[in-house]
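See below for the structure under consideration.
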Amino acid sequence: MNFDFSPEENAFREEVRQFIADNYPKHLSESRRAEFSKEDFLSWHRVLAEKGWVAPHWPEEYGGPGWSVTQRYIFDDECAKANTLIVLPFGVTMLGPVLMHYANDAQKAHYLPRILSGEDWWCQGYSEPGSGSDLASLKTKAERDGDEYVVNGHKIWTTLAQHADWMFCLVRTAQEDKPQKGISFLLIDMNSPGIEVRPIITIDGSHEVNEVFLTDVRVPAENLVGEEGNGWGIAKFLLGNERTGIAGVARSKNAVKRLKEISCAELVDGEPLIEDSDFKKKISELEIDLLALEYTELRTLAAESAGRGPGAESSILKIKGTEIQQKVTELIMEAVGTYSLPKIPMLDSGANYNLVGPDYSHGASQNYFNMRKTAIYGGTNEVQRNIIAKFVLGL
Amino acid sequence: MDFDFTEEQTLLRNMVQSFVQDNYDFDSRMAIARSETGMSRDNWSQFAELGLLAAPFDESLGGLGGGAIDTMIITEEFGKGLVTEPFLPTVVLCGGLLERHASDAQKDAHLPPLIGGEKIWALAYSEPKSRFNPANVQTTAKQDGDGFVLNGLKSVVNGGPWADYLIVSARTSGEGWQQEGISLFIVDKSADGVAAQDYETIDGGRAADISFENVKLGADALIGSLDNGLPLLEEALDYGIAALCGESIGGMHKAHQATVEYCKTRNQFGVAIGSFQALQHRMVDMFMEYEQSVSLTYMVNMHVGSDAASRARAASAAKVQIGKAGRYIGQSAVHLHGGMGMSEELNVGHYFKRLTAIDAQLGSIDYHLKRFASSEAA
Ligand SMILES: Cc1cc2nc3c(=O)[nH]c(=O)nc-3n(C[C@H](O)[C@H](O)[C@H](O)COP(=O)(O)OP(=O)(O)OC[C@H]3O[C@@H](n4cnc5c(N)ncnc54)[C@H](O)[C@@H]3O)c2cc1C
Ligand SMILES: Cc1cc2nc3c(=O)[nH]c(=O)nc-3n(C[C@H](O)[C@H](O)[C@H](O)COP(=O)(O)OP(=O)(O)OC[C@H]3O[C@@H](n4cnc5c(N)ncnc54)[C@H](O)[C@@H]3O)c2cc1C
């Protein structure tokens, strides 16, 4: 047991820090917006892609940097410290490993480089109105017609589908005795005729999620990943990866830092809020939770690099990680006080007024509202608890 | 001991309930909240016609003599409908303050148009650095001949954009967060030197940051006596809390009810999700928090008229309870709706947002925990 960084690792940290300082797009670091555009995300994605750092966990043969677990940890940490935009997970984190594992050579050769370069923007077409936690009950149908599938159905909560070029989609190709059977994993071009994307505005006022309606959408049969009817295994493989990424330890550390900065700036009758023993205690409790999660994640990563894959334990990371993300936004909202009440306009609302209150107060409540999603997506925290109960505790 | 409502009170509740049902269904509410102004003048006139704006005031002042309990009944029903119109600032905070402490001349001039729905009022007491402490006042009112000159900035004035008149707290002596030296003034919002920056709030309401630059006030603008405004302000805020508690339990009730209904009808894994014990227990916890909040809401409304120490203790206790319960119920209601709970198109997210905003109004959980802890039990 040892948690010291080697001189090489410290040098690596310095290299990452310098790279971000030199290359993070200026217009992004100066932006104080609540929402980011497609181009915003891509501008940072492309910088990382060019450097070969956009997919830290990909093996070198597919264009990954070949980093150790520790290097990945350091990289995440530095990105979070610099408060960079995230690399969206849909292509790099979710689909990439699926393709490496299940796709044929032609598919790998075609899609993987385009994920790295950012040429294809992917969205995740899993959930349906009637199939959320009970994902296997999904009804979107794909019927074989010659060398095409004809897809009909309705996906919902599809994150950033409004920007997407492609959607990886769970479809039903056969009715079997068990709902888990007869599901297939299909790659669908979002420009295909018959696809309609409708926005869903969330309670924070932002446009992140959508409904996707598919009407007689024709998809080449070669876009099937793995075998027809065996998509459920792929779906779960992907969910396992989604969950690990969801812990967000490095980002939460940065958010705690922000919380402390705000608590230093806010005064309670002349005294900084951070000197208030009650509030200090709340921050400390949160920090201790986060520290525990950090070591839990490191244990998981170490096991993974020793060849023991993320098991049901990744559900712990999902539950604890999202609870902490929610708590930190809650405390930031509390710290901001009365100026948590004004609402800030969203990117495309066209509203243009001067914001009241200190900069750090802007959007604090809306951020808190938005983060309620984290206990819902990626499999709700109840579903995660059910997984731990069943597969870890044997209940 | 008696926790029953009188026949008149029940009639009042029924009346407000049917108003909300007829005029404040979710779509109408959202249309009002999203409109340019954020409130409906028609509704406001109707409130006046129905006597809601007169409800708490003494009969000698043209009121209906209903006091805090009638106010609570009204705000509870308003809370169910997520009513945005400025009943709290106009009638409860400012109207109540005028009733209890204004001179006869001030009452004669201001209460009839307030009760008649012609004039809207807002209480401008919080400042950018005051956090939740009403004694922390930097706005100044300097004596100037017979009158005063007002300078300063008030922040997040609830209902500020709609107000014709403000009651403003200002320092006439002392400094910082000293208890003495604060005075309360009636300010015409259209007076020279008053500038408002209006904005929407996170719950669909409206507020304003209002600055005062050499605003000239007559001697008749002062409410009560010079330098002794803080106790009047604290009292007004406690009455405000009592009313806000009513609104809060109305919102909690709807959020909880919507969640229970949803869990009975939403199917996953071939059964209603309400059959999962993890969710049942959470809904039971929500229900218990709601009941505890109702209890303290009744308690504060029964005690708000008593001596200052008991009143403060009751108000802070109730505000802590509804703050915590509102957060738990709001969060849980969203969560148990799954993705649907995150949608702006469903009512539950709006109850969640209103309940969140209520905690930051008139003092947060933390502020009132401290105030309660430092108060003396009777
Ligand atoms: C912001 C956001 C982004 C999303 N992005 C995507 C995306 O890009 N692609 C995609 O496919 N999906 C996405 N989702 C959908 C997400 O995966 C689903 O919302 C989630 O799986 C829950 O499904 P549901 O919304 O239908 O809720 P339901 O399954 O109806 O759940 C409602 C409530 O019941 C509880 N519950 C359900 N079953 C059980 C049980 N067995 N035991 C105990 N409690 C239970 C849940 O925990 C929840 O609290 C997103 C969702 C959100 C909110
Ligand atoms: C101090 C004390 C005084 C008592 N007095 C009386 C008395 O006066 N008269 C009398 O008749 N009995 C009395 N009891 C007994 C009491 O009613 C039982 O202990 C109780 O019903 C639990 O039953 P059990 O001990 O068999 O535990 P179990 O029923 O085996 O329960 C074990 C655990 O499982 C949980 N559990 C069980 N079923 C469920 C479920 N459906 N959903 C969720 N969780 C569940 C329980 O909450 C508990 O944590 C008393 C017990 C105690 C400890």
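Letters A, B, ... are given to chains in the order of the sequence lines, protein chains preceding strands, and every chain is numbered from 1.
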Report which part of A:L273 has an atom under 4.5 Å of a heavy atom belonging to chain B: side chain, backbone, both, or neither. side chain

Side chains of A:Q326 and B:Q331: closer than 4.5 Å at any heavy-atom pair? no

Relative to chain B, which segment of A:S131 carries a heavy atom at a distance below 4.5 Å: side chain, backbone, both, or neither? backbone

Hey, could you give me the CD/OG1 distance between A:E330 and B:T356, rounded to the nearest 0.5 Å? 9.0 Å

Distance, nearest 0.5 Å, that separates CD1 of A:I376 from CG of B:L336: 9.5 Å

CD of A:Q162: more than 12 outside heavy atoms within 6.0 angstrom? yes

Chain A contact via B:S364 - which portion, at a heavy-atom distance below 4.5 Å: neither

A:I203 backbone acceptor or donor facing B:K353 side chain under 3.5 Å: yes

Residue selection (most heavy-atom pairs with chain A, distance under 4.5 Å) from B:R206, B:K129, B:H335: B:H335

Heavy-atom distance under 4.5 Å between the side chains of B:M342 and A:I200, does that happen here? no

Chain B heavy atoms under 4.5 Å from A:A364: which part of the residue, side chain, backbone, both or neither? neither

Counting heavy-atom pairs closer than 4.5 Å to chain B, which one of A:E266, A:E334, A:K373, A:M333 comes out on top? A:E334

Could you state the interatomic distance from OH (B:Y199) to CG (A:L355), rounded to the nearest 0.5 Å? 10.5 Å

Can you label the angle between the A:F369 ring and the B:F352 ring as parallel, tilted or perpendicular, going by 30° and 60°? perpendicular

Can you name the side chain to side chain contact (heavy atoms under 4.5 Å, CB included) partners of B:R371, sequence neighbours left out? B:E234, B:D238, B:A312, B:A315, B:S316, B:Y367, B:H368

Mind ranking B:E345, B:H350, B:K370, B:Q361 by heavy-atom pairs under 4.5 Å with chain A and telling me who comes out on top? B:K370

Interatomic distance, B:N158 atom CG to A:T338 atom OG1 [nearest 0.5 angstrom]: 11.5 Å

Counting only heavy atoms not in B:K324, do more than 12 sit closer than 6.0 Å to its NZ atom? no

Please look at A:D276 and chain B and tell me whether the side chain, the backbone, both or neither of the residue comes under 4.5 angstrom of a heavy atom of that chain. side chain

Contact summary for A:S340 and B:A360, nearest pair of heavy atoms: OG-CB, 3.8 Å

Heavy atoms only, distances under 4.5 angstrom: which of B:I365, B:I273, B:N133, B:L346 has the most pairs with chain A? Name it, please. B:N133

Toward chain A, the part of B:F269 with a non-hydrogen atom under 4.5 Å: both

Answer with side chain, backbone, both or neither: which region of B:L279 has an atom nearer than 4.5 Å to a non-hydrogen atom of chain A? side chain

Write down the atom of B:R131, the atom of A:V336, and the distance for their closest heavy-atom approach. NH1-C, 4.2 Å

Greatest number of non-hydrogen atom pairs under 4.5 angstrom with chain B, of A:P179, A:G270, A:S361, A:P358, falls to A:G270

For the interface with chain A, which of B:F132, B:W177, B:F276 has the highest count of heavy-atom pairs at distances below 4.5 Å? B:W177

Value for CG (A:L341) from OG1 (B:T201), rounded to nearest 0.5 Å, stands at 6.5 Å

Scan for side chain to side chain donor-acceptor pair (under 3.5 Å) pairs involving residues 264-276 of chain B, sequence neighbours excluded, and state none if there are none. none

If you count the non-hydrogen atoms of other residues, nucleotides and ligands that lie under 6.0 Å from CD in B:E213, is the total more than 12? no

Interchain contact, B:A207 with chain A, by part (heavy-atom threshold 4.5 Å): neither

